[in-house]
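Just so we're on the same page: letters track the sequence lines, and every chain starts at 1.
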Amino acid sequence: MESGIISVDKWRSGSQAYFLTHLHADHTAGLSSTWKRGPLFCSRLTARLLPCKFPSFDLSLLRILDIGTWHTLSLITPSSGDPTIVYVKAIDAHHCPGSVMYLFRGEFGCMLYSGDFRWEKTSVEAEIRRTMLLDALKNEKLDILYLDNTYCNPKYSFPPREVAAKKIVDIINSHPEHQIVIGIDSLGKEDLLLYISRELNIKIWVWPERLQIMHLLGFHDNFTTQTSLTRVRAIPRYSFSTDTLQGLNKLCPTIGIMPSGLPWVTKPLKGNENIFGSSPSSSCINKSNLSPDITKSSEKHDLIKDLGIASRFHEYIYTVPYSDHSCFAEIQEFVKLLRPINIKGIVSSSPYCIDPVYYFGHLCGTKQAFWRVHQKIENEEVEENRTCEDTNIKLASEGNSTKGKAGKKRKMDEFYFFGIRVSRVSLLRRLSRGVRIADDE
DNA sequence: GCGATCAGAT
DNA sequence: CACATCTGATCGC
């Protein structure tokens, strides 16, 4: 049987074509400026952004896939040496700029790799995308869906991004005298920042590399690297912490806003701090007379009363459920729409992320996968294993190329249309995402 | 010395 | 509690 025809967000050697869904770091681990293993397919926008991350990347290896158009790849069946045709269509994933899903058709059947995606149904764009996906699948069963299962648990529920964005503007407006910092990554959340910029009619500060990204995305008027021009700054998420906010508040009153799919917490609060801020006697209260006295009971009451979907985890920090991944209900809608024969989650890092078959197996074209997963769960220690593929990884005796307990995992793979080759994993480290299509396992 | 990988942090 | 990213250590060439 053939193996390793194409890889999605996986960069080991042996494939004939490589597909990148988007440029976040956990999907590019293994890619580098010296890439030469084969053609790399991606969206036009990803191709434009890619040199920022990989400056001397050989651009002659890039293959741009226009969204919504079928592309034809002539590949070789490794086992026989015979030519084979693979058709691929890229579909906007609405996760971050350039992000796409890939729909493949070939001898192996029909498969969709969702990548990271957000499936909001409130926008006009979402309706266009829904139609595009259904048209692409017309009269064709979907053999396998590789699904972004980041929040594949009913406990994960959050509103559309538009709602969260409004809340963030409300928070900013309710702090007219404060500096504002917002934690973001190197790509993503641009729509949020644009919305803030337009609603408040201000520019937003970003760090220089981020301004370059904004310009590549075509945003020339809403962002600046001059701190004097604005009170709203977007800073790297890794430098967004309680310490950062406490430091900033020694200079001037500042609040932090963390847009995230989940309530965000930093390291455990110390001493007599609590989620509504330090008591006046706390050693952590800052001593500057510029600092906001949020501990005044009347003001505290007003702030809390008005938080709505936002929450306040620290005296200076708000978290708002602005997520670039689908919530559980959206994932469910997506699966209901597609009715795949089989589903495979592409994320296995979260202790709460569960094999999507557990929740959605009954929506699939075959009940086999559903029953097998339920059987597996009933036969094992449910609370430990059903929510945590990492448990299997930790139990694995060796970090070879099969994830999980060899016997158990192989059993799991049997009902998938493809075997999945997963790179060697550290027993303690989460799996990277991605898939390499192979059916020889 | 360099890139890839890993561990630990935010 | 998650995600995405950074820094720094270690490994192999």
Student: Measure from CZ on A:F158 to P on C:dC3 and round the result to the nearest Å.
Tutor: 10 Å
Student: Counting any heavy atom closer than 4.0 Å, what does A:S186 reach on the DNA or RNA strands: base, sugar-phosphate only, or nothing?
Tutor: sugar-phosphate
Student: Given B:dT10, is OP1 or OP2 found less than 4.0 Å from the side-chain N or O atoms of A:T244?
Tutor: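 No, because none of the side-chain N or O atoms of A:T244 sits under 4.0 Å from OP1 or OP2 of B:dT10.
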Student: Which nucleotide in the set C:dA2, B:dA4, C:dT5 lies at the smallest distance from any side-chain heavy atom of A:T34?
Tutor: B:dA4
Student: Using a strict threshold of under 4.0 Å (side-chain N to carboxylate O), is an ion pair present between A:E120 and A:R161?
Tutor: yes
Student: Whole-Å distance between C:dA4 C1' and A:D116 CG?
Tutor: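 Roughly 10 Å, once rounded to whole Å.
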Student: Taking the minimum atom-to-atom distance to the side chain of A:D185, which one of C:dA4, C:dC3, C:dC6 wins?
Tutor: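 Among the listed nucleotides, the one closest to the side chain of A:D185 is C:dA4.
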Student: Could you work out which one of B:dT10, C:dT5, B:dT5 sits closest to the side chain of A:R12?
Tutor: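 The closest nucleotide is B:dT5.
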Student: Is the gap between the ring centers of A:F19 and A:H27 under 6.0 Å?
Tutor: no
Student: Look at the side chain of A:S7 and the backbone N and O of A:S15, then say whether any donor-acceptor pair between them is shorter than 3.5 Å.
Tutor: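 The answer is no, because no donor-acceptor pair under 3.5 Å joins these two groups.
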Student: How many Å lie between CE on A:M258 and C1' on C:dA2, as a whole number?
Tutor: 11 Å
Student: Which nucleotide in the list C:dA4, C:dC3, C:dC6 gets nearest to the side chain of A:D26?
Tutor: C:dA4
Student: Could you tell me the separation between the NE2 atom of A:H27 and the P atom of C:dT5, rounded to a whole number of Å?
Tutor: 9 Å
Student: Heavy atoms only, 4.0 Å cut-off, all strands: where does A:S32 land among base, sugar-phosphate and nothing?
Tutor: sugar-phosphate
Student: Please tell me if A:S323 has a side-chain N or O lying less than 4.0 Å from either OP1 or OP2 of C:dA2.
Tutor: no
Student: For C:dA4 and A:H325 - does any side-chain N or O of the residue sit under 4.0 Å from the phosphate oxygens OP1/OP2?
Tutor: yes
Student: Please give, in whole Å, the distance from C:dT5 C1' to A:R210 CZ?
Tutor: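 So the two atoms are 12 Å apart, to the nearest Å.
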Student: Identify whether the distance between the nearest side-chain nitrogen and carboxylate oxygen of A:R237 and A:D185 falls below 4.0 Å.
Tutor: yes
Student: What is the distance from CH2 of A:W35 to C1' of B:dG3, rounded to the nearest Å?
Tutor: 15 Å
Student: Look at A:H95 and C:dA4 and indicate whether a side-chain polar atom (N or O) is within less than 4.0 Å of OP1 or OP2.
Tutor: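 So the side-chain polar atoms of A:H95 do come within 4.0 Å of the phosphate oxygens OP1 or OP2 of C:dA4, strictly under.
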Student: Without decimals, in angstroms, what is the distance between A:Y238 OH and C:dC6 C1'?
Tutor: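 Answer to the nearest Å: 6 Å.
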Student: Can you identify which nucleotide, out of C:dA2, C:dA4, B:dA4, has its nearest atom closest to the A:S260 side chain?
Tutor: C:dA2
Student: I need the CG-C1' distance between A:D324 and C:dA2, as an integer number of Å.
Tutor: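 It works out to 13 Å between those atoms.
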Student: Does the pair A:E333/A:R130 count as a salt bridge with the N-to-O cut at 4.0 Å?
Tutor: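 Salt bridge absent between A:E333 and A:R130.
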